Amino acid sequence: MNIEIKKLSFKDYVISRIETEKIKLLISLGVIWVYIIYDMNRKGGGVGLQSILKEYTVPALILSLGINIFVYLIVYFFSYKKALKESGVIKAQVTDNYLKNFYFFGDKSKQAMRKYSEFNKIYERRSGFYFNLIGRITFFIPKKGMTDEEVEYVSSVISKNNKAAKAKQTKPKKKK
């Protein structure tokens with residue numbers, strides 16, 4: 001089945017980036033929180049780290065979350081605008097065994113053909129479908145730009161391939 005999505009909204013772009021960069025976001029949140037607590041302890045005038053942690057853990061977490069959201073929204077906005085200029089289209093041919101001719105939003109080149117076994121993770125979320133290559137970007141197909149028939153077809157292909165991958169993993173090896 002050929003799928004073509006003409007434009008990806010900023011909201012869908014942000015959701016897809018958050019979904020694929022959860023670890024990075026959590027690490028940056030933690031680093032900012034630790035820095036805020038460290039700075040408060042340094043400027044605290046001998047109050048002590050334990051009392052600062054008791055009193056300011058939640059406010060420091062809220063402040064670090066606000067800083068993180070602000071910075072990442074700005075970064076995502078500029079990367080979204082750049083991607084729109086390069087290529088505002090998502091195209092793919094989804095078959096039972098392959099993902100072919102995939103043009104990813106913002107990428108000038110196309111991914112010719114990928115077997116589903118090449119992806120380390122294929123999953124579906126409320127926002128869309130994710131195909132994660134090891135050590136590479138994640139291909140994202142938003143549900144918003146698809147018809148019900150396309151969503152149903154891609155969903156069935158993903159569930160079929162995930163079942164096949166699980167069966168392959170749990171299959172015991174034969175001894176010679």
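As the structure is a prediction and not an experimental result, all values here were calculated from the model. Because only heavy atoms are used, hydrogens play no part in the values below, and waters and symmetry mates are left out as well, while side chains stay in.
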Just wondering, do I141 and F131 contact through their side chains at under 4.5 Å, heavy atoms?
yes
When you check the gap from the basic side-chain N to the acidic O, do E4 and K6 get nearer than 4.0 Å?
yes
Rounded to the nearest 0.5 Å, how far apart are NZ of K91 and CG of N2?
9.0 Å
When clusters are formed from ILVMFWY side-chain contacts under 4.5 Å, directly or step by step, what else is grouped with V89?
none
Between N132 and F119, does the side-chain contact (heavy atoms from CB on, under 4.5 Å) criterion hold? Intermediate values first, please.
CA-CA 5 Å; N132 189 12; F119 296 102; 5.7 Å; no
Shortest non-hydrogen separation from F140 to I90 and the atoms involved:
O-CD1, 3.6 Å
Salt bridge (charged side-chain N to carboxylate O under 4.0 Å, His left out) involving K54 - partner list, sequence neighbours excluded
none
Test of understanding: clusters of I, L, V, M, F, W, Y form through side-chain heavy atoms closer than 4.5 Å, transitively. Do I37 and V34 belong to the same one?
yes
Report the residues that fulfil salt bridge (charged side-chain N to carboxylate O under 4.0 Å, His left out) with E152, sequence neighbours left out, ordered by chain and then residue number.
none
Measure the spacing between CZ of R17 and OG of S79 and express it to the nearest 0.5 Å.
4.5 Å
Linked, directly or transitively: I3 and M113 (ILVMFWY side chains, under 4.5 Å):
no
From CA spacing to verdict: side-chain contact (heavy atoms from CB on, under 4.5 Å), V154, M146
CA-CA 10 Å; V154 175; M146 299 170 69; 3.8 Å; yes
Is there a side-chain contact (heavy atoms from CB on, under 4.5 Å) between L25 and L29 once you walk through the steps?
CA-CA 6 Å; L25 292 168; L29 180 70; over 6 Å; no
Who pairs with K85 by salt bridge (charged side-chain N to carboxylate O under 4.0 Å, His left out), at least two apart in sequence or on another chain?
none
Under 3.5 Å, sequence neighbours excluded: what are the donor-acceptor pairs made by side chains of residues 94-104?
residue	atom	partner	partner atom	Å
T95	OG1	N97	N	3.4
T95	OG1	Y98	N	2.9
T95	OG1	Y98	O	3.0
N101	OD1	K110	NZ	3.4
N101	ND2	Q93	OE1	2.5

Assigning hydrophobic clusters by single linkage (Ile, Leu, Val, Met, Phe, Trp, Tyr; side-chain heavy-atom cutoff under 4.5 Å), is I67 placed with I62?
no
Give the intermediate values and the outcome of side-chain contact (heavy atoms from CB on, under 4.5 Å) for residues I36 and Y56.
CA-CA 9 Å; I36 290 170; Y56 295 109; over 6 Å; no
Quick one: pull up CZ in F139 and OG in S16 and give me the separation to the nearest 0.5 Å.
13.0 Å
Got T147 and E150 here, is their nearest side-chain heavy-atom distance under 4.5 Å?
yes
Taking only residues two or more places apart in sequence or in another chain, which ones pass ring-ring contact (aromatic ring centres under 6.0 Å, His included) with Y38?
none
Working to the nearest 0.5 Å, report the span between CE of M40 and CG of L63.
9.0 Å
pair Y13-P142: side-chain heavy atoms closer than 4.5 Å:
no
Sequence neighbours excluded, the answer for side-chain hydrogen bond (donor to acceptor under 3.5 Å, both in side chains) partners of S156 is none
For the hydrophobic clusters of this structure (ILVMFWY residues joined by side-chain heavy atoms under 4.5 Å, transitively), does one cluster hold both L53 and Y35?
no
Hydrophobic cluster membership, L65 vs I15, 4.5 Å side-chain cutoff:
yes
So, using side-chain contact (heavy atoms from CB on, under 4.5 Å) as the criterion, who are the partners of E86 when residues are at least two apart?
K82, K108
Could you tell me if the side chain of L84 sits less than 4.5 Å from the side chain of F105, heavy atoms only?
yes
Can you find a heavy atom in the side chain of Y76 that is under 4.5 Å from one in the side chain of E21?
yes
Can you list everything that forms a ring-ring contact (aromatic ring centres under 6.0 Å, His included) with Y123? Sequence neighbours excluded, please.
Y130
Within-4.5 Å side-chain heavy-atom neighbours: F10 and F77:
yes
Does W33 use its side chain to pair, donor to acceptor, with the backbone of T57 at less than 3.5 Å?
yes
Applying side-chain contact (heavy atoms from CB on, under 4.5 Å), name anything that partners I74, two or more places apart in sequence or on another chain.
F70, F78
Could you check whether any side-chain N or O of Y153 sits under 3.5 Å from a backbone N or O of D148, counting only pairs where one atom can act as donor and the other as acceptor?
no
So, using side-chain hydrogen bond (donor to acceptor under 3.5 Å, both in side chains) as the criterion, who are the partners of E124 when residues are at least two apart?
K143, S155
Check whether any side-chain heavy atom of R42 lies under 4.5 Å from a side-chain heavy atom of D39, and answer yes or no.
yes
Return each pair, listed once, that meets side-chain hydrogen bond (donor to acceptor under 3.5 Å, both in side chains) where at least one residue sits in residues 58-73; pairs must be two or more places apart or across chains.
S28-N68
